[in-house]
Protein chains: 2
Amino acid sequence: MVAQRGRRNGAAAHKRTRGGATPDADNAPTAEIPAVAENGADPEVRAKSIPEAAVARLAVYLRILSAMAEQGATTVSSEELSTAAGVNSAKLRKDLSYLGSYGTRGVGYEVAVLVGQIERVLGLTRQHKVAVVGIGNLGHALANYGGFPGRGFPVEALFDIDPDLIGVPVGGIPVTHLDDIPQVCADRQISIGVIATPPAAAQTVCDRLVEGGVQCILNFAPVVLQVPEHVEVRKVDLAVELQILSFHVARRADNEPNGKVAESTVAGNGAVLQS
Amino acid sequence: MVAQRGRRNGAAAHKRTRGGATPDADNAPTAEIPAVAENGADPEVRAKSIPEAAVARLAVYLRILSAMAEQGATTVSSEELSTAAGVNSAKLRKDLSYLGSYGTRGVGYEVAVLVGQIERVLGLTRQHKVAVVGIGNLGHALANYGGFPGRGFPVEALFDIDPDLIGVPVGGIPVTHLDDIPQVCADRQISIGVIATPPAAAQTVCDRLVEGGVQCILNFAPVVLQVPEHVEVRKVDLAVELQILSFHVARRADNEPNGKVAESTVAGNGAVLQS
DNA sequence: GCCGCTTTGTGCCTGCGTTCACAAATGAAC
DNA sequence: GTTCATTTGTGAACGCAGGCACAAAGCGGC
């Protein structure tokens with residue numbers, strides 16, 4: 001079962017300006033799953049939706065499964081996989097259930113099948129060409145990742161505004177000028193743009209990427225990007241990450257003014273504690 | 001997002017292992033707030049708890065507010081700030097309310113006060129020394145950020161395993177060998193460790209950081225780290241981010257097999273549009 | 001062929017986070 | 001001093017995600 005092509009999703013989650021939110025996921029984005037081939041008479045709603053949070057975890061499972069496969073494992077139980085991924089086994093099973101039923105009760109899951117299904121749902125069966133904009137320290141690092149972590153994400157274009165960089169190959173690809181973003185992206189069918197420019201340039205770069213037909217943007221610049229409805233943005237913000245960690249340090253320091261602790265992050269649900 | 005935390009579930013059953021989850025936030029981590037040193041008779045409202053998701057947003061607000069302050073703004077309304085941050089204004093107000101009541105009804109918030117309060121709650125009033133482990137492409141980029149985005153996070157130690165790198169200064173700081181992590185971290189009072197090593201080395205490095213007294217870890221390696229309860233881990237996973245984007249591309253392709261869309265997806269505030 | 005063990009798949013419950021909507025508070029105008 | 005326009009702060013409703021626990025479903029042994 002499960003062909004491709006989904007039928008509409010009744011959801012229609014309202015999106016707002018988006019572009020924000022680094023760490024936490026948007027809530028309830030829920031997206032449609034490929035689902036079955038529709039032939040009309042659908043008993044009930046076939047198309048299922050996958051919570052964004054689950055999607056993120058699926059990516060993690062995929063990596064672990066790939067590693068397992070490489071080591072010759074052919075099957076895994078939800079228990080195994082869940083501990084490896086650091087999640088609750090029930091949650092893992094629920095996540096996998098979004099893919100369909102590919103497990104065998106009493107046995108577990110076939111690693112190869114799972115890998116294939118996750119790749120299908122995540123859209124990894126086809127390549128997504130990546131462009132990196134801003135070849136500074138970070139951009140350099142990204143460009144050199146070479147094909148980017150995991151296969152399926154070949155870097156095929158690099159952009160910068162610095163004249164000295166134009167034409168210089170980085171990681172095998174010559175750097176092009178910012179002005180050519182729309183043209184080059186369109187030509188090379190870039191689908192993912194990575195912004196690693198200074199904050200001031202980010203929005204402009206973003207606009208050009210969109211103009212070039214880029215559908216998804218990974219933004220490392222500490223700016224909230226404004227994009228049209230149909231463009232997906234994810235943000236990775238170093239400063240925010242550090243500040244969140246800072247918060248936890250501070251919290252801990254406050255909770256244990258006397259240096260004595262225990263508890264700390266424990267708690268069944270709410271930390272609870274009084275100073 | 002992300003990530004993080006992982007507390008919960010006091011169940012003796014399975015251990016949580018934490019360290020996982022990149023993007024989405026766990027739910028309800030809630031942590032205690034510093035609580036001002038107010039002298040005034042504070043009815044109650046002492047220790048409140050701040051959802052992790054809110055903490056992440058506060059960091060974003062902080063940056064926007066800082067920028068506003070630099071441009072001479074002295075007050076902002078929740079509406080202004082919320083649109084700048086790309087969030088719902090009600091959410092913003094609730095987030096700010098975790099700090100205490102620092103707004104003036106009918107007027108708005110005083111930028112300077114807000115900045116101060118957010119810094120206080122995020123623990124930015126003191127410096128958090130950072131160590132970067134793994135001086136490869138990414139590590140290099142991180143080390144060169146110089147003081148890291150935003151002040152308050154000085155990089156004070158660099159580590160790598162490559163003999164050719166040991167002693168070489170990067171961004172002004174000489175690289176030390178991995179073996180010296182515990183010692184150096186303890187000596188220099190490092191509180192945040194950044195792991196930018198290959199996946200295979202990550203866990204070992206992590207253990208040494210913990211041994212050196214590091215309380216928080218920012219992990220760029222695609223591995224689920226095992227850490228003691230009292231250590232906080234946040235993970236930034238490039239591959240996962242890309243795969244999530246890939247998922248959205250795929251989803252979109254499935255939803256509009258005919259290139260027709262409609263389904264304008266309104267928006268709480270943003271634009272509408274139909275193609 | 002039947003029984004029992006193992007592991008999946010999921011219905012249900014709980015709880016957090018988001019959003020709405022409104023009362024309270026404040027400054028300005030008169 | 002009173003009223004009006006504004007904007008905050010928050011109680012309550014809602015919805016999603018997480019976790020538990022169990023029924024369903026294979027597999028192997030007898």
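Letters A, B, ... mirror the listed sequences (proteins, then strands); counts begin at 1.
- Lys91(A) has its NZ atom 13 Å from the C1' atom of dC16(D), to the nearest Å.
- Leu114(B) places its CG atom 12 Å from the C1' atom of dT8(D), with the value rounded to the nearest Å.
- Under the side-chain hydrogen bond (donor to acceptor under 3.5 Å, both in side chains) criterion, Gln203(B) pairs with Asp207(B), not counting sequence neighbours.
- Annotation: salt bridge (Lys or Arg N to Asp or Glu O under 4.0 Å) contacts of Glu119(B) (sequence neighbours excluded): Arg151(B).
- In this structure, Tyr109(B) does not reach the dT6(D) phosphate: none of its side-chain N or O atoms is under 4.0 Å from OP1 or OP2.
- Taking every heavy atom of residues 66-78 of chain B and every atom of DNA chain D, pairs under 4.0 Å involve Ser77(B), Ser78(B), by number.
- Whole-Å rounding puts the Leu96(B) CG to dG9(D) P distance at 8 Å.
- Every side chain to side chain contact (heavy atoms under 4.5 Å, CB included) that Val107(B) has, sequence neighbours left out, goes to Thr104(B).
- Applying the 4.0 Å criterion to OP1 and OP2 of dC20(C), one finds that Asn88(B) has a side-chain N or O inside that range.
- Atom CG in Asp95(A) sits about 10 Å away from atom P in dG19(D), given to the nearest Å.
- Here the side chain of Ser101(A) is nearest to one of dG9(D), dG9(C), dT18(C), namely dG9(C).
- An OP1 or OP2 oxygen of dT10(C) is reached within less than 4.0 angstrom by no side-chain nitrogen or oxygen of Lys94(A).
- A straight line from CZ of Arg93(A) to C1' of dC20(D) spans 10 Å, rounded to a whole angstrom.
- An OP1 or OP2 oxygen of dT10(C) is reached within less than 4.0 angstrom by no side-chain nitrogen or oxygen of Tyr98(A).
- At distances below 3.5 Å, not a single donor-acceptor pair connects side-chain atoms of Asp237(A) with backbone N or O atoms of Glu241(A).
- We find that CD of Glu80(B) is positioned 12 Å from C1' of dT7(D), with the value rounded to whole Å.
- The CG-P distance, from Leu92(A) to dG9(C), rounds to 10 Å in whole Å.
- Within the structure, salt bridge (charged side-chain N to carboxylate O under 4.0 Å, His left out) contacts touching residues 217-226 of chain A (residues at least two apart or in different chains) do not occur.
- Contacts of Glu80(A) classified as salt bridge (Lys or Arg N to Asp or Glu O under 4.0 Å), with partners at least two apart in sequence or in another chain: none.
- Residues passing the side-chain hydrogen bond (donor to acceptor under 3.5 Å, both in side chains) test with Ser78(B), sequence neighbours excluded: Arg93(B).
- Scored by the side-chain hydrogen bond (donor to acceptor under 3.5 Å, both in side chains) test, Ser246(A) finds His128(B) as partners (sequence neighbours excluded).
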statement: Protein-proximity profile, nucleotides 23-30 of chain C, B/S/- by nucleotide at the 4.0 Å heavy-atom cutoff, equals -BBBS---
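- Smallest separation of non-hydrogen atoms from Val224(B) and Ala85(A): CG2-O, 3.9 Å.
- To the nearest angstrom, P of dT8(C) lies 10 Å from CG of Leu81(A).
- Using a 4.0 Å cut-off, some side-chain N or O of Arg57(A) falls inside it from OP1 or OP2 of dG18(D).
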